[in-house]
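Treat the numbers as computed from the prediction; the structure is a model and nothing was measured. All values below come from the heavy atoms of this structure, side chains included, with hydrogens, waters and symmetry mates left out.
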Amino acid sequence: MTQLKELPITELQFYATAPYPCSYLPGRTARSQVATPSHLIHADLYGELVNAGFRRSGLYTYRPYCNECNACTATRIPVKDFAPNRSQKRSWKKHAGLEARVLNLGYQEEHFELYQHYQNERHAGGDKDQDGQDQYMQFLLQSRVNSRIVEFRDGPHDTHPGRLRMVSMIDILEQGISSVYTFFDTSNASASYGSFSILWQIQQALELDLPFLYLGYYIQDSEKMAYKAKFQPIEGLIDDHWQPIVGP
């Protein structure tokens with residue numbers, strides 16, 4: 001793990017949380033290392049923290065800090081080297097008709113309703129399936145960096161916008177795009193909206209001439225988190241260095 005003294009963040013302080021149940025590996029406990037105070041974590045500084053394995057949830061900046069466990073590996077895709085596999089090419093073609101619109105952070109009831117449906121379908125019993133409006137806004141609509149909402153809709157019909165299918169929250173940093181969270185319509189079992197969102201973000205990083213897409217944590221033994229290794233090549237922060245992660 002990168003040593004904090006190596007980072008230009010002398011004004012920040014770091015503390016470890018108390019243990020709590022792990023969200024991804026049953027029967028395990030987890031801890032986080034949290035960077036404070038949040039008002040000092042501007043875009044440039046947050047970029048340094050992301051390179052050291054940190055992520056954010058609203059104004060809360062953290063990285064795993066677990067006792068005797070290093071299953072969580074921060075990841076990034078070097079977008080110029082990315083080569084989609086056959087399944088990803090199909091996903092890109094299948095959803096090519098979706099219209100993407102990039103928005104500033106702001107509350108929209110339609111987004112919140114989709115978020116609630118997604119949580120109820122995909123994470124029932126987890127820590128977000130009962131999120132109310134306040135929790136949603138704290139989690140996704142609070143930021144001190146350059147953050148955007150990207151909504152994906154079916155093509156418009158006459159004068160009306162198409163059906164909302166997916167929403168992604170992203171941070172645009174100096175060294176890349178950081179994928180914060182994505183939620184989507186789960187009613188179509190054959191859709192691959194999540195994969196399409198990652199492919200879209202890779203394309204955006206290329207168009208913005210940014211070298212990396214940061215995808216959060218890869219956990220090999222977690223079904224929810226292992227999918228990231230399918231996007232090759234991908235790098236993980238291992239033993240303080242960004243190194244290739246071998247795909248499935």
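Rounded to the nearest 0.5 Å, atoms CE (Met169) and CG (Leu105) are 7.0 Å apart. In this structure, the separation between NZ on Lys228 and OG on Ser222 is 9.0 Å, given to the nearest 0.5 Å. Expressed to the nearest 0.5 Å, how far NE2 of His95 lies from CG of Asn188 amounts to 7.5 Å. In this structure, CD1 in Ile177 is found 5.0 Å from CD1 in Ile170, a value given to the nearest 0.5 Å. Taken to the nearest 0.5 Å, the CD atom of Gln116 stands 9.0 Å off from the CD atom of Gln133.
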Quick one: side chains of residues 204-221, donor-acceptor pairs under 3.5 Å with protein atoms, not counting sequence neighbours, listed by atom name and distance.
| unit_1 | atom_1 | unit_2 | atom_2 | d |
| --- | --- | --- | --- | --- |
| Tyr214 | OH | Asn51 | OD1 | 2.7 |
| Tyr217 | OH | Gly53 | O | 2.5 |

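In this structure Tyr60 satisfies the ring pair (Phe, Tyr, Trp, His ring centres under 6.0 Å) test together with Tyr62, sequence neighbours excluded. Listed by chain and number, the residues in a side-chain hydrogen bond (donor to acceptor under 3.5 Å, both in side chains) with Tyr20 are Ser32 (sequence neighbours excluded). The side-chain contact (heavy atoms from CB on, under 4.5 Å) search around Lys89 returns Pro84, not counting sequence neighbours. Remark: Arg165 pairs with Asp154, Asp185 by the side-chain hydrogen bond (donor to acceptor under 3.5 Å, both in side chains) rule, at least two apart or across chains. Remark: Ala16 pairs with Arg31, Tyr65 by the side-chain contact (heavy atoms from CB on, under 4.5 Å) rule, at least two apart or across chains. With sequence neighbours left out, Cys66 forms a side-chain contact (heavy atoms from CB on, under 4.5 Å) with Ala30, Cys69. Partners of Asn146 by side-chain hydrogen bond (donor to acceptor under 3.5 Å, both in side chains), not counting sequence neighbours, listed by chain and number: Arg148. Among residues two or more places apart in sequence or in another chain, the side-chain hydrogen bond (donor to acceptor under 3.5 Å, both in side chains) test is passed with Asp134 by none. Glu151 is linked by a salt bridge (charged side-chain N to carboxylate O under 4.0 Å, His left out) to Arg101, Arg153, counting only residues two or more places apart in sequence or in another chain. By the ring pair (Phe, Tyr, Trp, His ring centres under 6.0 Å) test, Tyr136 pairs with Phe112, Tyr115, sequence neighbours left out. Remark: Trp242 engages no residue in a ring pair (Phe, Tyr, Trp, His ring centres under 6.0 Å) (not counting sequence neighbours).
Counting only N and O atoms by type, the side chains of Asn85 and Ser87 include no donor and acceptor under 3.5 Å apart. Side-chain contact check for Thr182 and Ser168: at least one donor-acceptor pair (N or O, by modelled atom type) lies under 3.5 Å. For the residue pair Ser38 and Arg144, a side-chain donor N or O sits within less than 3.5 Å of a side-chain acceptor on the partner. Side-chain N/O atoms of Ser179 and Gln201 include a donor and acceptor closer than 3.5 Å. Side chains of Ser147 and Arg56: a donor-acceptor N/O pair is present below 3.5 angstrom, by distance only.
For the residue pair Leu12 and Pro37, the shortest heavy atom distance occurs at CD2-O, 3.9 Å. Leu49 and Ala35 get closest at one heavy-atom pair: CD1-CB, 4.5 Å. For the residue pair Leu45 and Ile41, the shortest heavy atom distance occurs at CD2-CA, 4.2 Å.
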* Dump the intermediate steps for ring-ring contact (aromatic ring centres under 6.0 Å, His included) on Phe152 and Tyr193, then the final yes or no. => CA-CA 9 Å; Phe152 297 86; Tyr193 293 127; 8.8 Å; no

* Asked: Could you walk me through whether Ile238 and Thr73 pass the side chain to side chain contact (heavy atoms under 4.5 Å, CB included) check?
  -> CA-CA 7 Å; Ile238 303 168; Thr73 301; 4.0 Å; yes

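Dense packing is recorded around CD of Glu109, with more than 12 heavy atoms of other residues, nucleotides or ligands lying under 6.0 Å away. When the shell of 6.0 Å around NZ of Lys94 is examined, it contains more than 12 heavy atoms from other residues, nucleotides or ligands.
Between Phe139 and Tyr181, the ring centre distance stays below 6.0 Å.
Remark: the backbone N or O of Ser192 is paired with a side-chain donor or acceptor of Ser91 at under 3.5 angstrom.
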